Amino acid sequence: MLLPRPTHLIREAGHFALDAATSVCAPVGVADLLRELLTPATGLPLPPVGAPGEGVISLLVRDDPELGAEGYRLRVDPAGVRAVAAAEAGLRWAVQTLRQLLPEQVYAAGPVTGVPWRLPMVEIVDVPAYPWRGSLLDVARWCHPLPLLYRYVDVLAMHKLNTLHLHLTDDQGWRFEVRRYPRLTEVGGFRVASPAGHLRDGRSDGVPHGGWYRQAELRDLVAYAARRGVRIMPEIDLPGHAQAAIAAYPEFGNDPTRQLAVGTTWGISTHVLNLEPATLAAVHHILDEVVEVFPFEYVHVGGDEVPTAEWAANPAAVARATELGLPRVADLQGWWTGRLAEHLAGHGRRTAVWDELLDRGAPAGATVFAWRGIDRIDAARAAGLPVVAAPYSHTYFDWAESDDPAEPLAIAGVLPLRTVYGFQPGDVLGVQGQLWSEYLPTEQRVWWRAFPRLAALAEVGWSGPVPTDDTGAVPPGVWAEFRSRLTGQLRRLDRAGVSYRPPDD
Ligand code: TNX
């Protein structure tokens with residue numbers, strides 16, 4: 001019934017029935033969350049009460065070394081509910097578990113009558129396998145509206161996923177308002193056209209697209225997510241995938257006399273930032289505003305797919321490489337990213353980067369997002385760096401789920417649900433599923449590609465990888481057990497009004 005599967009669960013005979021008299025004893029934020037999640041459908045007021053007792057839902061912070069930062073214990077019996085956790089984060093997950101223990105109608109946005117709001121009698125101890133359980137959403141390729149981002153946060157929290165990685169900038173759009181550089185969004189937020197069909201077809205839709213988020217809007221989203229235990233990691237992708245920024249400020253590029261347009265095709269732009277002190281200072285200013293809006297400890301500065309031809313042709317860049325004693329012009333990327341990491345460290349922040357930095361001198365202590373295959377996970381670990389496992393082979397949900405020609409258009413590749421569920425991340429900080437949005441222009445497409453695969457990855461991240469057979473396949477019994485719980489989870493999504501791709505088997 002529960003997804004992700006809890007570490008220990010004992011089901012006993014009996015129930016606790018919620019009614020108008022049921023009250024809640026919990027830290028204010030946790031009690032508010034419980035009401036926010038249960039009251040709309042149940043209509044129950046769930047008022048606060050000062051002490052635990054008969055008929056009370058108690059959610060309490062108690063020292064408990066076994067539970068770590070996010071674990072919780074939960075007991076439901078006919079007299080009430082008692083959950084404990086070492087921190088409020090664990091209590092928030094306990095709230096999500098309580099919601100899953102109720103009939104699925106609790107996920108409806110409005111009142112549902114005629115449902116017995118009963119919790120089964122259970123004893124649960126639940127501690128996540130990995131501290132980083134993330135989902136990347138690319139809002140640069142298509143500027144998805146804020147209501148989708150709010151729903152996305154809700155659904156991450158339902159799956160005990162604790163991190164939303166917001167990919168805010170790319171060649172085709174800059175979505176983060178920067179007060180000091182308004183053209184980043186005014187110019188960089190809009191493009192004149194997008195590819196029609198697949199990039200390889202070479203057609204353009206001729207339709208302008210654009211948009212961006214105000215800092216105040218993002219702050220509200222961050223606060224909403226925080227109430228649900230979801231942290232938002234911003235990504236400002238630099239110094240490549242930055243054509244939108246160079247279109248806005250040609251002086252950031254390698255030829256300040258050239259006016260580029262915001263990208264209108266997908267792929268890898270050859271245009272990258274220059275490495276001049278003035279541009280570095282501008283990037284520092286941009287990051288200063290990023291950290292004001294996003295309190296999360298990590299800031300992702302990208303670093304994927306950075307072509308170096310423009311640096312090689314730029315005498316200033318070549319001279320800098322020589323002056324720094326760098327053997328290759330490409331190594332300038334490591335040096336430059338190191339300057340960003342230092343700047344972020346000055347703000348008390350940690351730097352996250354894509355795994356390309358491993359080949360170009362990753363900054364000391366940077367957290368590596370390994371995407372170009374499983375071997376990149378090992379490479380990051382060998383370099384002594386913390387790593388989030390995000391390999392395309394198991395976590396690229398922009399890939400189609402099957403090779404059925406009827407699948408909606410996808411970038412490349414096939415990633416079946418079973419492959420995701422069989423993922424063995426190894427000894428890493430955690431896992432993350434990627435929704436690059438080149439081919440996800442609408443909310444419906446986003447959900448189609450996100451679920452059910454994100455549910456499978458959430459379970460890998462929280463419950464730990466499942467045993468696989470010699471061929472790396474998930475054994476039939478293990479699969480069947482997951483599938484039956486997944487069916488229940490998909491009913492919850494139905495009630496929440498979230499669509500998904502029906503599983504094949
Ligand atoms: C590679 S993954 C990219 C993205 C694309 C993605 C499409 C990564 C760090 N860079 O720019 O959207 O492939 O699958």
Side-chain angles (χ1 to χ4, degrees), residues 2-7 70 93 96 100 126-138 152-167 228-231 233 369-374 376-377 387-402 410 413-437 440 446-468 472-474 478-479 481-483 485-490 492-493 498 500-504:
L2 295 172
L3 194 156
R5 177 173 33 78
T7 318
E70 295 184 278
W93 300 136
Q96 294 290 344
Q100 288 197 4
D126 203 8
V127 181
Y130 293 104
W132 189 289
R133 302 177 307 281
S135 170
L136 176 149
L137 185 61
D138 170 6
Y152 203 78
V153 166
D154 284 336
V155 176
L156 295 188
M158 262 176 80
H159 292 82
K160 299 188 173 75
L161 290 161
N162 63 4
T163 312
L164 171 58
H165 173 166
L166 260 193
H167 182 77
R228 283 156 180 73
V230 176
R231 310 122 4 136
M233 177 176 68
F369 283 63
W371 71 277
R372 292 177 300 165
I374 299 280
R376 298 279 89 197
I377 299 173
V387 50
V388 171
Y392 54 75
S393 54
H394 295 78
T395 68
Y396 268 42
F397 301 152
D398 56 332
W399 291 17
E401 207 159 323
S402 79
V414 172
L415 175 51
L417 178 62
R418 273 181 198 252
T419 307
V420 179
Y421 194 55
F423 182 35
Q424 308 289 318
D427 181 13
V428 293
L429 187 59
V431 296
Q432 187 169 283
Q434 277 53 244
L435 276 179
W436 300 105
S437 72
L440 308 177
V446 167
W447 293 126
W448 180 271
R449 288 266 142 80
F451 286 99
R453 289 178 293 186
L454 197 48
L457 189 68
E459 179 146 310
V460 173
W462 181 279
S463 316
V466 295
T468 47
V474 176
V478 173
W479 179 253
E481 192 277 333
F482 170 67
R483 272 297 280 113
R485 281 183 296 108
L486 180 62
T487 298
Q489 187 72 351
L490 295 179
R492 295 178 185 120
L493 291 178
V498 169
Y500 50 85
R501 181 191 182 285
D504 290 323

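This structure is a prediction, so every number in the text was calculated from the model and none was measured.
- Using modelled atom types, no side-chain atom of Gln100 and backbone atom of Pro4 make a donor-acceptor pair closer than 3.5 Å.
- Interatomic distance, CG of Leu440 versus CH2 of Trp447, reported as 12.0 Å (0.5 Å rounding).
- The aromatic rings of Phe369 and Trp132 stand perpendicular to each other, their planes meeting at an angle above 60°, with 30° marking the opposite boundary.
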inquiry  = Applying side chain to side chain contact (heavy atoms under 4.5 Å, CB included) to Leu415 and Tyr392, what does each step give before you reach the verdict?
reply    = CA-CA 9 Å; Leu415 175 51; Tyr392 54 75; over 6 Å; no
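- Using a distance-only test at 3.5 Å, with no hydrogens or angles considered, no donor-acceptor pair links the side chain of Asp138 to the main chain of Trp436.
- The OG atom of Ser393 sits 13.0 Å away from the CZ atom of Arg376 when rounded to the nearest 0.5 Å.
- The backbone N or O of Leu2 lies less than 3.5 Å from no partner atom in the side chain of Arg5, so there is not a single donor-acceptor pair.
- To the nearest 0.5 angstrom, Leu486 atom CG is 8.5 Å from Leu493 atom CG.
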request  = Please report the C-alpha distance between Arg485 and Glu459 in whole Å, then the side-chain angles of each, then the deciding distance to 0.1 Å, and finally whether the salt bridge (Lys or Arg N to Asp or Glu O under 4.0 Å) criterion is met.
outcome  = CA-CA 11 Å; Arg485 281 183 296 108; Glu459 179 146 310; 2.7 Å; yes
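- Between His167 and His165, the ring planes are tilted. Angles from 30° to 60° get that label.
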inquiry  = For Val446 and Leu137: C-alpha separation, side-chain torsions, deciding distance, then whether side chain to side chain contact (heavy atoms under 4.5 Å, CB included) applies.
reply    = CA-CA 9 Å; Val446 167; Leu137 185 61; 4.2 Å; yes
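- A donor-acceptor contact shorter than 3.5 Å links the side chain of Thr395 to the backbone of Ala390.
- Using a 30° and 60° split on the angle between ring planes, Trp399 and Tyr396 fall in the perpendicular class, above 60°.
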CA sep, side-chain torsions, deciding dist, call: Met233, Leu164, side chain to side chain contact (heavy atoms under 4.5 Å, CB included) = CA-CA 6 Å; Met233 177 176 68; Leu164 171 58; over 6 Å; no
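- Between the Arg453 side chain and the Tyr421 main chain, no donor and acceptor come within less than 3.5 Å of each other.
- Expressed to the nearest 0.5 Å, how far CG of Leu454 lies from CE of Met158 amounts to 11.0 Å.
- Rounding to the nearest 0.5 Å places CZ of Arg449 at 12.0 Å from CZ of Phe397.
- In this structure, the side chain of Gln424 engages the main chain of Gly422 through a donor-acceptor pair within 3.5 Å.
- A donor-acceptor pair is defined here as one N or O able to donate and one able to accept, closer than 3.5 Å; no such pair exists between the side chain of Arg501 and the backbone of Glu401.
- Using a distance-only test at 3.5 Å, with no hydrogens or angles considered, no donor-acceptor pair links the side chain of Asn162 to the main chain of Val230.
- Of all the heavy atoms in Arg228 and Asp154, the pair that sits closest is NE-OD1, 3.0 Å.
- Closest approach of Leu156 to Thr163, counting heavy atoms only: CD1-O, 4.1 Å.
- For Tyr500, the OH atom sits in a packed shell: over 12 heavy atoms of surrounding residues, nucleotides or ligands are nearer than 6.0 Å.
- Going from atom CG of Leu136 over to atom CG of Asp398 covers 9.5 Å, rounded to the nearest 0.5 Å.
- In this structure, a donor-acceptor pair under 3.5 Å is present between the side chains of Asp126 and Trp462.
- Considering all non-hydrogen atoms of both residues, Gln432 and Ser135 come closest at CG-N, 3.6 Å.
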task = Please lay out, stage by stage, how Val428 and Ile377 fare under the test side chain to side chain contact (heavy atoms under 4.5 Å, CB included).
result = CA-CA 8 Å; Val428 293; Ile377 299 173; 3.5 Å; yes
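- Using modelled atom types, one finds no donor on one side chain facing an acceptor on the other under 3.5 Å when comparing Gln434 with Trp371.
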